[in-house]
Amino acid sequence: MSSTAAPPISAAAGGPSLPQERRLVTEVPGPRSRALFERKSAAVAAGVGVAVPIAVVAAGGGVVVDADGNSFVDLGSGIAVTSVGNAHPGVVAAVTEQVAAFTHTCFTIAAYDGYVDVAEALNRLTPGDHEKRTALFNSGAEAVENAVKIARKHTGRQAIVVFDHAYHGRTNLTMALTAKNQPYKNGFGPFAPEVYRVPMSYPYRDGLSGPEAAKRAISQIEKQVGAENTAAVLVEPIQGEGGFVVPAPGFLAALSEWTTANDVVFIADEVQTGFARTGAMFASEHEGIVPDVVTTAKGMAGGLPLSAVTGRAEIMDTAHVGGLGGTYGGNPVACAAALAAIDAFEHDGLVERAEEIGTILLGTLRAAQTSDPRIGDVRGRGAMIAIELVDPETGDPDPGLTGRVVRYAYEHGVIALTAGTYGNVLRFLPPLAIDDALLRDGLAVVLDGLAAA
Ligand SMILES: Cc1ncc(COP(=O)(O)O)c(C=O)c1O
């Protein structure tokens, strides 16, 4: 960690040329960050929380720099969004060019290349070589909502099956699809009907094989919902907010087989796992499954708001003309950003980089686990890795410990995030642009925090 005092930055160029170092030059939060949070309390609705109390002025590679000149190691990527790196030069150039050309027409009023280019790229990159169609939206939740609309229209059925620990967003329908009450749903009901929750495969906690866990879920669907009423099974191939739960091998394949046999639409929510994050372009590939419909967002557009539903042509095309869309969906600036980011995913070795990051994270964390029984589980794939912290005596989740470690990391210049139904999962989601030295430094701080807690 550098101790050289950097001048406070008010407006800085971000991107990979920022010094890739952890550097604290004030207490945190520093005075400028504190000033922003005083204004925030008076101006911003209390429900909009901020996990890391800093006032960001620049970010790039593996660092986030605040207004006081502190440089934090970024182990969160704004929740898996800045996978190509913040202010990626290709994204900046593409956005700059597009902004100067035109910023908006509303694609459903007047079309442009960028939207169709992104649709073609998604049709090519998502799993399976069948004929596909894509529709673009703004947020992950909006993509999931539209995937549900399309599945219902296609099947003429209403029931949507989701899983324990699932997270699909915070709009009214996606709150119903999301499992965890606090903070996502508490007091915000009534929720949308015809949503049925079944058990997820959670190998650390249920000890079941993939086929056993699938049998349990399918039996519940058949007994409590009925295949003939089920429009879609919606699942994250690796659960994100739910705690980076990687289902046991064979779970997703068995579900996929059951959906095919029963004309149910299999929707893979790859909003968090998509675009190289897990060491494959899409996490479904690890299990060899070909979903009927895939939802994407987050990493796709390098930080600009863009999401998509991509699926089998015969499913996607059942929605009537005018049934899908929205004012901003597939905005030209976001599409330009996505095309640049997708170019980086495909041509800058980012899938391989995610795997390398995973090797470093898993190696270090598994070594730490051998001498620290509070690390109950180490899991994940690629640059989506987590540890589950527990009471070594009882195996009970330890959210208090998890919170203390995250706090320590912040106070020592590292942005680390929690997750999980029980709040006891510490997750590592670094930008794929982070270098090894910075990654190892950030990881060491987190493990110091665990030792100190
Ligand atoms: C798997 C998954 N689906 C949907 C969403 C919702 O995305 P957004 O926050 O862009 O609405 C998220 C966000 O974390 C997610 O992880």
Side-chain angles (χ1 to χ4, degrees), residues 47-51 76-83 126 135-149 151 160-180 183-185 188 191-192 195 197 200 232-247 252 266-278 282-284 286 291 293-311 326 328-331 334 337-338 341 380-386 417-421 423 425 427-429:
V48 184
V50 178
S77 309
I79 319 188
V81 169
T82 54
S83 299
T126 49
L136 300 181
F137 304 96
N138 302 290
S139 66
E142 208 187 341
V144 172
E145 290 236 3
N146 278 280
V148 168
K149 275 169 64 172
I160 306 297
V161 171
V162 291
F163 291 84
D164 284 339
H165 316 290
Y167 183 86
H168 298 289
R170 302 188 212 213
T171 56
N172 186 262
L173 173 58
T174 58
M175 277 192 296
L177 303 169
T178 289
K180 193 173 175 181
Y184 306 126
K185 302 164 72 162
F188 295 137
F191 304 112
V195 172
R197 193 170 307 287
M200 180 63 178
V233 168
L234 168 64
V235 65
E236 299 156 85
I238 298 174
Q239 289 185 321
E241 306 306 293
F244 289 16
V245 177
V246 185
L252 295 173
F266 185 99
I267 306 172
D269 183 351
E270 293 246 19
V271 164
Q272 190 154 158
T273 50
F275 287 102
R277 175 55 54 187
T278 66
F282 293 95
S284 298
H286 295 294
V293 170
V294 177
T295 54
T296 50
K298 290 195 183 275
M300 170 161 58
L304 273 81
L306 186 70
S307 67
V309 183
T310 302
Y328 295 110
N331 167 272
R381 290 189 198 272
M384 186 171 179
I385 303 295
L417 308 177
T418 60
T421 297
V425 174
R427 55 173 156 171
F428 300 88
L429 275 171

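Positions are given from 1 along the sequence. Both ligands and their constituent atoms are indexed starting at 1 by order of listing.
- Using a cutoff of 4.0 Å between basic side-chain nitrogens and carboxylate oxygens, E241 and R427 are scored as salt-bridged.
- Here the closest non-hydrogen pair linking H286 and R381 is CD2-CD, 3.3 Å.
- No more than 12 heavy-atom neighbours from other residues, nucleotides or ligands sit within 6.0 angstrom of OH on Y328.
- Residues Y167 and D269 form no side-chain contact, since every pair of their non-hydrogen atoms from C-beta on lies 4.5 Å or further apart.
- Considering OG1 of T174 and OH of Y184, their distance stands at 12.0 Å, rounded to 0.5 Å.
- When heavy-atom distances to ligand 1 are checked against 4.0 Å, the residues falling inside are S139, G140, A141, Y167, H168, G169, E236, E241, D269, V271, Q272, K298, ordered by chain and number.
- Side chains of L252 and S284 form no contact here, defined as non-hydrogen atoms less than 4.5 Å apart.
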